[in-house]
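Whatever order the structure lists them in is the order used to number ligands and atoms, beginning at 1.
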Amino acid sequence: MLRFPDGFLLGTATSSYQIEGGNVWSDWWYWAEKGKLPPAGKACNSWELYERDIEFMAELGYRAYRFSVEWGRVFPEEGRPNEEALMRYQGIIDLLNENGITPMLTLHHFTLPTWFALKGGFEREENLEHWRSYVELIADNIEGVELVATFNEPMVYAVASYVEGMWPPFRKNPLKAEKVAANLIKAHAIAYEILHGKFRVGIVKNRPHFIPASDSGRDRKAAEEIDYTFNRSMLDGIMTGKFRGFMRTFDVPPSGLDWLGMNYYNIIKVKAVRNPLKRFAVEDANVSRKTDMGWSVYPRGIYEGLKAFSGYNLPLYVTENGIATLDDEWRIEFIVQHLQYVHRALEEGIDVRGYFYWSLIDNYEWAEGFRPRFGLIEVDYDTFERKPRRSAHVYGEIAKNGEVSDELLEKYGLGEI
Ligand code: FCB
């Protein structure tokens, strides 16, 4: 049996655009209408069905819930906040608290209000004033939540939107990407100053586990480099005031973090390449069968990540960890094995305070649309009917009891790790 400490949060995660539906004020919606992205439509219709979602969490025994505010909903137009939308988010927080479910709030989870995006979004430093107004609005109106994350996966956002050109505004310009990343650090600093004191303010970093494709010195150096750039450079920027981008170093205001969130999904191999513009290539590590995202599963990576991040001396949360698969037995195995490694981190004295499975329900997986299914709860996108999978109940038992039973470990676990 693996017991988690009292107060350890075992919960689930979602984000607004991926579940709410009808977020017509957001840049993803704008670009979907232009045919550049899969339409989100009503998504899971959680804007209307949020009470049902929370009821499920309570019934199943989940202890915490990470979700996000849709900035475009609360600021549909420049300078004009929408009070009703704000009240809704407050209502969600209140209902969670009434049910003994600890809320965690993310302020930016990839989407922007369209008006802000059309002004150049985070590319332009002067636009940070709009971010400031949004954060102030939250600070002045939202209560009953302790844990607030400024940004979800800021480096993923900068790279997918400005290097790979997969997400709005579809640019392929690393110089712009690093400027955006620097501006996100500045935006974090602005938010920290406003929010700290009222909330415990953190940031959520995605951390793939990078390994060298071979033992060669060049591959090892490439793996170290990408690990630094992708996994640590922004955090170091926040802590030290010097952000080492892809090509340039930026002076940023050193600011604070009260906690650090880690999203962990997969392991990736890194190969050095002889091309001065592209120093390395990445490929799937092929250590397991692939999930429906084409990712390789490697439970030990969650422990390696927590160990690496423990160097920042902050309380850590696993803010996302999950699997896209229709094979629900595999989902159970995935959860049990990753929790084994979270537990090992705890045993070694690493300050981990919670684990949030991604996701509570199947949802809109960005450029992939609705195909990948990460949910503990299955969603029928025609009727919006929710059906808990077996994994939802198994994870519920784990969350309720604060432990992974011997029976589960025997059937799904990794044995001695
Ligand atoms: C993370 C995102 C989250 C979800 C999962 C699968 O990178 O934060 O919104 O899409 O991946």
Exercise. Between Tyr228 and Arg244, is there a cation-pi geometry (under 6.0 Å to ring centre, at most 45° from the normal)?
Worked result: yes
Seminar exercise, completed: Less than 4.0 Å from some atom of ligand 1, heavy atoms are found in residues Gln18, His109, Phe110, Asn152, Glu153, Asn263, Tyr265, Glu320, Trp358, Glu365, Trp366, Phe374
For this session: Check Val318, Asn152, Val156 against Asn263 for a side chain to side chain contact (heavy atoms under 4.5 Å, CB included) and give me the one that passes.
Result: Asn152
Problem set entry | Any residue meeting side chain to side chain donor-acceptor pair (under 3.5 Å) with Lys119, in chain and number order, not counting sequence neighbours | Glu78
Exercise. With under 30° as parallel and over 60° as perpendicular, where do the rings of Tyr364 and Trp366 fit, or are they tilted in between?
Worked result: perpendicular
Exercise. After noting the C-alpha distance and the side-chain angles of Glu136 and Ser133, does the key distance pass the side chain to side chain donor-acceptor pair (under 3.5 Å) rule?
Worked result: CA-CA 5 Å; Glu136 278 169 353; Ser133 309; 5.1 Å; no
Problem set entry | Steps toward side chain to side chain donor-acceptor pair (under 3.5 Å) verdict (Thr291, Arg331) | CA-CA 10 Å; Thr291 72; Arg331 192 181 332 274; over 6 Å; no
